[in-house]
Structures are given as structure tokens and as C-alpha cells.
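Worth knowing before you read on, the calculation uses all heavy atoms, side chains too, and leaves out hydrogens, waters and symmetry mates.
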Amino acid sequence: MNASETLYPSGEASVLVLQGGGALGSYQAGIYEALAAHQTVIDWVAGISIGAINAALIAGNPPDRRVPRLREFWELVSSGLTAKPFVPGEQARAAFNEMSAAWIATFGVPGFFMPRVPPATLYPPGAPEALSLYDTGALKGTLERLVDFDRINRGEVRLSVGAVNVRSGNFIYFDTRTDRIGPEHIMASGALPPGFPPVIIDGEAYWDGGLVSNTPLDYVLDTERQRDLVVYQVDLFSAQGAMPRTLVEAAEREKDIRYSSRTRLNTDKNIEIRKAKRAMRRLIETLPPEMQADDDVTFLRQVTRQNFITMMQLIYRQKSYEGNSKDYEFSRATMLEHWQAGHDDAVRSLRHRRWRERAHNEDGVAVFDLSRHARD
């Protein structure tokens, strides 16, 4: 029995795919809360940046402790500013959010990162402290307290987190299938420069995986081609958006495009691969019996096996008062809003008739973006 059969005895794997996005990550926590309440069993969690932290909190705790641990983490990192918006209205709320983001940039986030003192510019070139504006030492302690890394490495839930090698520029995934995961791997996935310092693992320095790809979706689809997959893909930046009208809106729109998931590109690529596989299998079937046992034919028969991909796409669609600082605005009020939005979007999607009545199709891929339709 191979590793995938051990992990997914039912023949189908449920995968939670978590994008990077800083303070927006509490949206992912709300989604997991709804999935857990729906008794959805997650076999594999893959994450980038804040998605890697949420993924570790899920994989590194027993099922009954996952939501409480997620809540503990998000209450901790939002404890620096627990005040509520002072006046109603979108303009006032936009001002509150900008003030909150400025506070975070100045004073840091409890249990996560703090301004470097003295600042990086006062350290000599080459010193580790010269490479970042903030010190993330607090995050290591938070992860060690809230995450059971022994549980993660037992492989009960597969965990994959992406990072970038600073010197080579190569993208790499740390995966419990092949690696022993520790706090440093989670921190490496979220080490976004120049804010956060690179993380050293086995003598190599790593930065945030979002520099190359902000979603693990392509890794999941490329890595598992045997078992059917039910993928819950949680995006914190929407690829679609309105034409910006100001410089601030232009900066925000640029960030959304840069960090969005390109789900349609990944889906189209997989459909083309599946068409090629079907053509190859038809060709193999036309071969004479004496060639069917050929080693090359046997290999081609194995690699052209197909799994079916069912994907629920859950995309955070920001409020009108959120601006370019939305990914580092860690106020308690905003955290709770994001969490509730994730919970509500997941509940709508899970209850949607199209999801409950879903079936396999000829393409081998079915993508559902149901929270938007339900809300509309």
C-alpha cells in the first residue's frame, strides 16, 4: 500500500488550499469553522504565508481543538487594537481602518512581529538584523505554543507550505510527505520582505512563497494525480475587480491582481492535460496485444490515469471601505468581520443546491464559486 492509500483510504481526498494575505487570513479561519461544523474531514492542508500559519494550526491540533486554536491565534494578533470604529458610516470606517493599519505598522502585532530596535539601517550590511523592518521572534513562540509539531509530523493530516529560496529564487514546498516540519518552515512561508527577515533552514535562507505564487493550488493539482480530490480553495485576493479611479485604488487593484490565484488558468491547464491523457489511452487501446505488455506502454498507462477534481472556490470580496492596507490591518473589529464573512460564505456554499447535487463530468474538473451567486 502506498502513502496516498494510507492517507486517503476512502479513495477521495479533501484538500484545504489557503492563500497568503496577512490580516485577511481570519476569513480562512471562519471558513474552517463552518467546514468543521459541517463535519467535513480535511485530509490535506496546503498554505502560503498566513495560509501556512492557519494550515499549521489545523494540522497541528486534534479536530476538537482546531477552531479554538485558530480563535486563540486570531484574538492574540488582533489584541493590539480592540477599539471599535468610533462613528458609523463608510468614510469613518475607512479612516478607522487606515488608523489601525498605521498603528500596526508602528507598533507591530502581539505574538507575531514587532518593530526592530534599533532599526535595520543601523546594522552593518550582512548582519541578519539588517534585512528586515520587523522582528518575528514572537511568532516562533506563538507557533510552539499553539501547534503540536509532533502531531503534524505523524502525518494524520498532510501539510504542505511554500517558500522561496533567497539565493536561487527557486520555489519550494515543505511537505510532511518528504520533510519533518517545524516552526521555521511555517515562518519561512510567511517571511515577506522587507518587512520580515529570511528564515534559515539547513543553511539556506527562505522568504515568503507569495513572492512566486500566492496559492498552493497548482502544487496540489500537480502532486496528486491518482486520487479524486475535493478542493476547498480559499482566496484572500480577488482576480476580478472594478476599474480603479485614484492612485490609492490603483495600488489596491495591483495588489489584488498580483496575489490572486489564477484559478481559471489552472483549471484550463488541467482540462488540457486530461484531454491529452484520454487521447493517449485511446491510442494505447489500439495497439496489438503483443505490445500491451511493453514496459513503455505499461508506464504510459500508469501516467495517464485520471483523477477527478471537484473545487469549491471561496473568495474574500472586500468591503468598500477597505483599502490597500487591508492585509496588515489587524484590528479586532476587522478580524471578526473577516471571520464571520468566511463562515457565512462557506455555509452558503455548502448548502447550495449545485454543491449538494454535484456530479462528475467529462472534463474531469468541476469548479463551484457559489458564495457569490448565493449572495447576489
Is the shortest distance from a Lys or Arg side-chain nitrogen in Glu252 or Lys326 to a carboxylate oxygen in the other one below 4.0 Å? yes

Please determine whether a side-chain nitrogen of the Lys or Arg among Arg71 and Glu33 lies less than 4.0 Å from a carboxylate oxygen of the Asp or Glu. yes

According to a 4.5 Å side-chain heavy-atom criterion applied to Ile, Leu, Val, Met, Phe, Trp and Tyr, with indirect links allowed, do Phe368 and Leu229 form part of one hydrophobic cluster? yes

Test: side-chain hydrogen bond (donor to acceptor under 3.5 Å, both in side chains). Region: residues 120-138. Which pairs qualify, not counting sequence neighbours? Arg116-Ser132

Any salt bridge between Lys277 and Glu272, counting N to O under 4.0 Å? no

Does Asp327 come within less than 4.0 Å of Lys255, counting only side-chain N to carboxylate O? yes

Leu211: side chain to side chain contact (heavy atoms under 4.5 Å, CB included) partners, not counting sequence neighbours: Val164, Leu192, Pro193, Trp207

Distance-only donor-acceptor check, side chains Glu337 and Tyr27, under 3.5 Å: no

Is Arg180 paired with Asp150 through a side-chain N to carboxylate O contact shorter than 4.0 Å? yes

Would you call Glu144-Lys140 a salt bridge at under 4.0 Å N-O? yes

Arg158 pairs by side chain to side chain donor-acceptor pair (under 3.5 Å) with which of Thr223, Asp175, Asp43? Asp175

Does the pair Glu204/Arg167 count as a salt bridge with the N-to-O cut at 4.0 Å? yes

With sequence neighbours left out, which residue pairs that include part of residues 284-294 fulfil the side-chain hydrogen bond (donor to acceptor under 3.5 Å, both in side chains) condition? Gln292-Arg301

With the threshold set at 4.0 Å, does a side-chain nitrogen-carboxylate oxygen contact exist between Arg227 and Glu224? no

